Amino acid sequence: MYETFTRDLEELKRALITASERRDERAEFNPESGELEWVIHERRVMLGVTNRLRAGRGLRPVEEVAIVRAETSAMGHSDYVQKFALSCAELVRGA
């Protein structure tokens, strides 16, 4: 179980890092939400990976609000990527 959790965590971290590498291409604000497009994109990437991993375990998808909570808990931390990915890995486990 630990190996699976670690593998999921690494996959989530890689997905977030890859999504963040092109932030400059999504630097405009979304007129509906007022958020930067790269924030929305990265959140959607994490939602997609989290739900794909959950589906592989026979679990129902989480809603975006769960990813927003995970993201919010990571904001302002020097280890933002690790903390955000860790919270999503916990969601994959069903937590």
Side-chain angles (χ1 to χ4, degrees):
M1 183 156 147
Y2 176 77
E3 290 176 8
T4 303
F5 182 81
T6 301
R7 200 169 37 244
D8 292 344
L9 175 59
E10 290 305 314
E11 183 172 346
L12 286 155
K13 283 178 15 183
R14 278 193 310 273
L16 182 55
I17 289 167
T18 299
S20 71
E21 288 174 347
R22 299 174 78 171
R23 285 180 175 175
D24 60 329
E25 295 175 11
R26 293 179 175 85
E28 64 278 353
F29 284 92
N30 180 291
E32 293 176 23
S33 68
E35 294 180 293
L36 287 165
E37 288 292 340
W38 65 260
V39 172
I40 296 166
H41 173 71
E42 290 174 21
R43 191 181 301 140
R44 287 183 182 152
V45 165
M46 296 302 279
L47 177 64
V49 175
T50 298
N51 282 333
R52 181 177 49 76
L53 293 169
R54 284 177 61 85
R57 287 160 183 71
L59 298 172
R60 296 174 51 107
V62 296
E63 294 185 20
E64 187 173 358
V65 68
I67 300 300
V68 170
R69 279 194 299 268
E71 176 191 30
T72 302
S73 73
M75 287 180 181
H77 287 264
S78 61
D79 60 345
Y80 170 81
V81 170
Q82 175 75 18
K83 186 157 178 57
F84 189 7
L86 183 60
S87 293
C88 290
E90 290 289 341
L91 290 170
V92 169
R93 285 182 45 209

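From a predicted model like this one, the values you see are computed outputs, not experimental measurements.
- Under 3.5 Å, the side chains of Asn30 and Glu37 contain a donor-acceptor pair of N or O atoms.
- Leu91 CG to Asp8 CG: the interatomic distance, rounded to the nearest 0.5 Å, is 11.5 Å.
- Under a cut-off of 6.0 angstrom, the local environment of CD in Glu32 is sparse, with at most 12 non-hydrogen atoms contributed by other residues, nucleotides or ligands.
- Partners of Arg52 by side-chain hydrogen bond (donor to acceptor under 3.5 Å, both in side chains), not counting sequence neighbours, listed by chain and number: Glu11.
- Side chains of Val92 and Asn51 form no contact here, defined as non-hydrogen atoms less than 4.5 Å apart.
- At a threshold of 4.5 Å between non-hydrogen side-chain atoms, the residues Val49 and Cys88 do not count as touching.
- Heavy atoms only, all atoms of each residue included: Ala27 and Leu36 are closest at O-CD2, 3.2 Å.
- Within a 6.0 Å sphere centred on CD of Glu25, heavy atoms belonging to other residues, nucleotides or ligands number more than 12.
- Leu12 and Val39 fall into different hydrophobic clusters, where Ile, Leu, Val, Met, Phe, Trp and Tyr residues are linked whenever their side-chain heavy atoms come under 4.5 Å apart, directly or through other members.
- Nearest heavy-atom pair across Leu47 and Val62 is CD1-O, 3.6 Å.
- Listed by first then second residue, pairs satisfying ring pair (Phe, Tyr, Trp, His ring centres under 6.0 Å) with a partner in residues 28-79 number zero, not counting sequence neighbours.
- Residue pairs meeting the salt bridge (Lys or Arg N to Asp or Glu O under 4.0 Å) criterion with at least one partner in residues 65-88, sequence neighbours excluded, are Arg43-Glu71.
- Annotation: side-chain hydrogen bond (donor to acceptor under 3.5 Å, both in side chains) contacts of Arg60 (sequence neighbours excluded): none.
- Looking at heavy atoms from C-beta onward, Arg57 lies out of side-chain contact with Arg54 at the 4.5 angstrom threshold.
- For the pair Ile67/Phe84, a side-chain contact is recorded, criterion being any heavy-atom separation below 4.5 Å from C-beta on.
- Residue Val65 is found outside any hydrophobic cluster, as its side-chain heavy atoms come under 4.5 Å of no other Ile, Leu, Val, Met, Phe, Trp or Tyr.
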Under 3.5 Å, sequence neighbours excluded: what are the donor-acceptor pairs made by side chains of residues 13-20?
{"unit_1": "Lys13", "atom_1": "NZ", "unit_2": "Glu10", "atom_2": "OE2", "d": "3.2"}
{"unit_1": "Lys13", "atom_1": "NZ", "unit_2": "Gln82", "atom_2": "OE1", "d": "3.0"}
{"unit_1": "Thr18", "atom_1": "OG1", "unit_2": "Arg14", "atom_2": "O", "d": "2.9"}
{"unit_1": "Ser20", "atom_1": "OG", "unit_2": "Leu16", "atom_2": "O", "d": "3.3"}
{"unit_1": "Ser20", "atom_1": "OG", "unit_2": "Ile17", "atom_2": "O", "d": "2.8"}

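- Taking every heavy atom of both residues into account, Glu90 and Phe5 meet most closely at OE2-CZ, 3.7 Å.
- Taking the charged nitrogens against the carboxylate oxygens, Arg23 and Glu42 do have a contact shorter than 4.0 Å, which makes a salt bridge.
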